[in-house]
Number of protein chains: 2
Amino acid sequence: MDTRVALLSCALQLFAARGYDAVGVQEIVDAAGITKPTLYHYFGSKRGLLEAVLTPPFTQFNQQVQAAAVYSGDLPLTLKRVAEAVFTFARENPGFYRLQLALWFAPRDSEGFQVVSSLNRQAHDILEALFAQAVQQHGNMRGRQRAYAATFLGMLNTYAAMALNGYTQLDAALVEQAVHQFQHGIYS
Amino acid sequence: MDTRVALLSCALQLFAARGYDAVGVQEIVDAAGITKPTLYHYFGSKRGLLEAVLTPPFTQFNQQVQAAAVYSGDLPLTLKRVAEAVFTFARENPGFYRLQLALWFAPRDSEGFQVVSSLNRQAHDILEALFAQAVQQHGNMRGRQRAYAATFLGMLNTYAAMALNGYTQLDAALVEQAVHQFQHGIYS
DNA sequence: CGGCTATTATACCGATCGGTATAGTTCCTG
DNA sequence: CAGGAACTATACCGATCGGTATAATAGCCG
């Protein structure tokens, strides 16, 4: 069982650092100190390994976004909670978040995108549902739930990418700034 | 010379559809109807081919963003022009824009990111300079030029990615909505 | 102990990887 | 026409690709 975990850890690290396609199976098993048949015993294929690497943290991520996105009538507070949840997860799982971002923007026909798309779609749907609920209090948002979900997540991911490259830090101040900017724009 | 153009065209199409690492040199030359030595005569290496594919459209893109980003004291108008320039370019060069987005989010150690990073940085710097100028009229934006440049471009790219996947259209109405949302938030 | 399942290594598969040595062809210039 | 530069094909390089057949080992259950 330890071997399985070691494989997942090495694979995540290598995929995040150099890309799924650019990392060979041999390199992963070397890093884990084992041989190829062991990897194929556990995961069946390289794609299976990628799925096993991504699914658990993605499930956890979506759960935490879901928990943060329960709408109680206070949209600013909810958005802040969501931003906190996303930033916290990105900060605590930088390798996963890097990989997830890279695969989300990967070509549609690539294995990586196919594996990540449904998982990523869930987070989007959670946010879209949140904005759809908020429309009841904020009528003039009507019809833009999808755009808001996409741009809010896009903004959080932009900040997360900046942080992953050392340009900023995903702290409470950035949560505040991001949520404020998203709600009220750039002039105030 | 025609051969060179055919190679660039085939390479862009394949890279955009399936990813730089996932596409082999053999496949590119087959698609172009030539053989490998011809490719290596023109571009020297696979990386050189990628640079030749990306640099001209990227230069053109940055020029058009630069032209749109000249600040005449009217920030809303300038932002609208920039958004129009970005959307128009993405609409007219979907393959390039897809590839550029994918490589921008690719791992730092990957060849693709290294090739695209400096080119992409230029667009960011143009926007950062724009916001730095605008601070003179809009003092309360002070200190956030970098964040605004990143999030404005991030928002435009989010919409561009949505459009590339068929979820929206990069038309004048979307320009209006994006610029309005960026300036005034989601409530109005 | 016997037998069973899970796990792991050795050694190998055909295919493809990026890249090149050699030579032929074409075309422009003197 | 001679000669050189530009271009392109045949055929090949060692390395690596994802994946596997075989078998040895290990631990558990009876």
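Side-chain atoms are counted along with the backbone in the values below, which use heavy atoms only and exclude waters and symmetry mates. Chain A is the first sequence line, chain B the second, and so forth, proteins listed ahead of strands; every chain is numbered from 1. Keep in mind the model is a prediction, meaning the values are calculated, not measured.
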Output yes when at least one side-chain N/O atom of [X] is less than 4.0 Å from OP1 or OP2 of [N], else no.
{"X": "A:Thr3", "N": "C:dT8", "answer": "yes"}
{"X": "A:His41", "N": "C:dT7", "answer": "yes"}
{"X": "B:Thr35", "N": "D:dT10", "answer": "no"}
{"X": "A:Tyr42", "N": "C:dA6", "answer": "no"}

Round to the nearest Å and state the distance from [X] atom [atom1] to [N] atom [atom2].
{"X": "B:Glu111", "N": "C:dC17", "atom1": "CD", "atom2": "P", "answer": "15 Å"}
{"X": "B:Asp30", "N": "D:dT10", "atom1": "CG", "atom2": "P", "answer": "12 Å"}
{"X": "A:Leu39", "N": "C:dT7", "atom1": "CG", "atom2": "P", "answer": "14 Å"}
{"X": "B:Glu27", "N": "C:dC17", "atom1": "CD", "atom2": "C1'", "answer": "12 Å"}

Verify the neighbour count for atom OH of A:Tyr187: are there more than 12 heavy atoms of other residues, nucleotides or ligands below 6.0 Å?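 More than 12 heavy atoms, drawn from other residues, nucleotides or ligands, come within 6.0 Å of this atom.
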Does [X] reach the main-chain N or O of [Y] with its side chain, forming a donor-acceptor pair under 3.5 Å?
{"X": "B:Arg4", "Y": "B:Tyr42", "value": "no"}
{"X": "B:Asn62", "Y": "B:Leu119", "value": "yes"}
{"X": "A:Tyr159", "Y": "A:Ala178", "value": "no"}

Flag the pair B:Leu127 / B:Tyr148 as yes when at least one side-chain heavy-atom distance between them is below 4.5 Å, and no otherwise.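 Heavy-atom side-chain distance check fails, nothing below 4.5 Å.
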When you measure from the side chain of A:Thr38, which nucleotide among C:dT8, D:dT8, D:dA9 comes out closest?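 The answer is C:dT8, which lies nearest to the side chain.
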Which nucleotide in the list D:dC7, C:dT7, C:dA9 gets nearest to the side chain of A:Ile34?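 Of all the options, the side chain of A:Ile34 is nearest to C:dA9.
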Sugar-phosphate means primed atoms, P, OP1 and OP2; the rest is base. With that split, encode nucleotides 18-24 of chain C 5' to 3' as B, S or - using protein heavy atoms under 4.0 Å. BBBB---
Check ion pair A:Glu111-A:Lys46 (N to O, under 4.0 angstrom):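 Looking at A:Glu111 and A:Lys46, the cut-off is not met.
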